[in-house]
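Residue numbering restarts at 1 for every chain, and letters A, B, ... go by the order of the sequence lines.
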Protein chains: 2
Amino acid sequence: MATTPLTLDALVATSRTLLVEGGPDAIVVREVARRLGVTAPALYRYVRGRDDLLTLLITACTDEVTAACLDALKACPPDDVEGRIRAATLAFRAWALQHRPEFGLVYGTPLMHYAAPEGGPTVDAGQRFGGLFGSLFVEALAAGRLRTVDDGVLSPGVRASLAATASRLGLPMRPGEVRPFIVGWHRMLGIVSVEVAGHLRWVFGEDASAFAEEQLEELLADLLVPVAS
Amino acid sequence: MATTPLTLDALVATSRTLLVEGGPDAIVVREVARRLGVTAPALYRYVRGRDDLLTLLITACTDEVTAACLDALKACPPDDVEGRIRAATLAFRAWALQHRPEFGLVYGTPLMHYAAPEGGPTVDAGQRFGGLFGSLFVEALAAGRLRTVDDGVLSPGVRASLAATASRLGLPMRPGEVRPFIVGWHRMLGIVSVEVAGHLRWVFGEDASAFAEEQLEELLADLLVPVAS
DNA sequence: TACTCTGTGTGAACAGTGTTCACCCGACCT
DNA sequence: AGGTCGGGTGAACACTGTTCACACAGAGTA
């Protein structure tokens, strides 16, 4: 009866379709099974339960947005660090806008009922993404384009956290150099999150693109020093 | 049997308790009824259904955060516009951190199953909050502290949206003056959203306060020109 | 061939969910 | 006393995630 071979990928793909069609609540075990031409208990041979399905889906989406950013980078000259950060940032935003439900699942308000398994695949995928973005800032640092700060001006707690993050991601940077990376990540995520969630709709209606892109550009200007030339 | 008088307020309060205890999914009609010493169908005399409950709850929380900001303003000298914007911003963030589930409901990823009634009480409450924040920027403008831009540099779409927003909120400002207000709202919401959602946990662990407050301070510096004196 | 073992899918069941329905009871008004 | 009506009830329907005993097909082996 199973029209589809019933693989993990098929489970994830079907779950994702449901997510897109009706939000996280629409990811219903019985419906996933139904669409795969099978009854619900069959899925429990492949997956521990609904939460497991969500974990797989979040991981897949995180990897997909990472791949999208990598893809955008391939079209960029390796020495144009500003262009590369811009490309990755815009690719992130584009993916988010094109896949709002998935973005909400990964970077939105955490589902309180669902807890990501500690040290599980979702955090791994998150680190992969962090590593990609971090490497762009390493490039910027090497090119002398990064607007860094002295370690001394950082509060001890922040300095320690930044140092730990750099070492965990394998980034050869001191805290004052990591900071723009974290600021960039933080503000970018904020800008995109608010836009995707629609919290600017009362101002800009359905299309806040112009404003959001301006904000991202302003962020870039804050992070990087202008070309010396 | 009804230990509590069974008012709309009681319904909202109970729903909120459930939200805090277990997230949006934990707002269960039957459980609300149970805690009020009544059976589920009884609630349908007061509320059209679960979505109605959510609408009331979102409205109540929006009004509460508005009140919290207003309260913080009362302790501020009326002529210190920077201090007032800072106070309101910090009050917003403090409320968000102290009421993470409620904040998620109001300003987080929209629940796809739930659609706020158009022109309903939730958007009214949202406008009340927007009006409060907007008035602070009117003060800043009057004091000559606002970092405005020329209308001419704005793209036509953005300019029109800003003008419409100003007139809808009754703010006597031209688009280039409204812009810092929207930028402030946008970035503040981004900063607080990302912090509350815990998406900085991988960097700063459980307490990202120092970093988040720095970011808010930086935002203020971007919005306001230093005192002339 | 016959027998077992394993992987995979099924139907029934349990305890939940939101919502609707017929019903009922007590208070109030005439 | 009789009627009306707001407010509460129990039963029911169609869902949900999950577990359980069971069945069936194919592989490996005596």
Side-chain angles (χ1 to χ4, degrees), chain A residues 1-58 101 105 110-117 120 122, chain B residues 1-58 101 105 110-117 120 122:
Chain A
M1 180 65 77
T3 59
T4 317
L6 209 53
T7 62
L8 265 188
D9 282 351
L11 295 203
V12 173
T14 309
S15 304
R16 181 164 174 179
T17 307
L18 293 178
L19 170 71
V20 171
E21 286 178 5
D25 289 352
I27 304 178
V28 165
V29 181
R30 275 185 164 87
E31 182 61 25
V32 174
R34 212 169 294 140
R35 300 210 178 186
L36 293 169
V38 112
T39 60
L43 302 190
Y44 283 75
R45 302 284 178 194
Y46 302 84
V47 151
R48 234 187 307 276
R50 183 175 180 270
D51 278 12
D52 221 12
L53 223 48
L54 291 180
T55 299
L56 290 172
L57 184 51
I58 291 174
L105 199 62
L111 309 179
M112 301 206 69
H113 201 71
Y114 168 82
T122 59
Chain B
M1 181 67 75
T3 60
T4 317
L6 211 55
T7 63
L8 266 189
D9 282 350
L11 296 203
V12 173
T14 308
S15 304
R16 182 163 173 180
T17 307
L18 293 177
L19 170 71
V20 171
E21 287 177 4
D25 289 351
I27 304 177
V28 165
V29 181
R30 278 183 162 89
E31 181 62 23
V32 174
R34 212 169 293 142
R35 301 208 177 187
L36 293 170
V38 113
T39 60
L43 301 190
Y44 284 75
R45 300 284 176 193
Y46 301 85
V47 150
R48 234 186 306 277
R50 184 176 180 269
D51 278 13
D52 221 13
L53 223 47
L54 291 180
T55 299
L56 291 172
L57 184 51
I58 291 174
L105 198 63
L111 308 179
M112 300 206 72
H113 200 71
Y114 168 82
T122 60

What integer distance in Å separates B:Asp25:CG from C:dG16:P?
17 Å
Rounded to the nearest Å, what distance is computed from the CG atom of residue B:Leu18 to the C1' atom of nucleotide C:dG18?
15 Å
Which residues in residues 41-54 of chain B have a heavy atom closer than 4.0 Å to any atom of DNA chain C?
B:Pro41, B:Tyr44, B:Gly49, B:Arg50
Rounded distance (Å) that lies between atom P of D:dT18 and atom CD1 of A:Ile27
13 Å
Are any of the side-chain heavy atoms of A:Leu54 and A:Thr122 separated by less than 4.5 Å?
no
Going by heavy atoms in the side chains, are B:Arg45 and B:Leu6 under 4.5 Å from each other?
no
Output the rounded distance in Å from CZ (A:Arg30) to P (C:dC14).
14 Å
Consider side chain to side chain contact (heavy atoms under 4.5 Å, CB included). Of A:Leu56, A:Ile58, A:Val32, A:Thr17, which one does A:Val12 pass it with?
A:Leu56
At what angle, to 10 degrees, do the two end axes of the helix from C:dT1-D:dA30 to C:dT30-D:dA1 meet, given five pairs define each axis?
30°
Rounded at 0.5 Å granularity, tell me how far CG in B:Asp9 sits from OG1 in B:Thr14.
10.5 Å
Shortest non-hydrogen contact from B:Ala33 to B:Leu43?
N-CD1, 3.8 Å
Closest non-hydrogen atoms of A:Ala40 and A:Val29, given as atom of the first, atom of the second and distance, are CB-CG1, 4.2 Å
D:dT9 OP1/OP2 closer than 4.0 Å to side-chain N/O of B:Thr39:
yes
Tell me, please, which residues at least two apart from B:Arg50 pass salt bridge (Lys or Arg N to Asp or Glu O under 4.0 Å).
none
Atom-to-atom span, CG of A:Leu6 to C1' of C:dT8 - whole angstrom:
9 Å
Distance in Å, B:Leu53 CG paired with B:Ile27 CD1, rounded so as to fall on 0.5 Å steps
7.0 Å
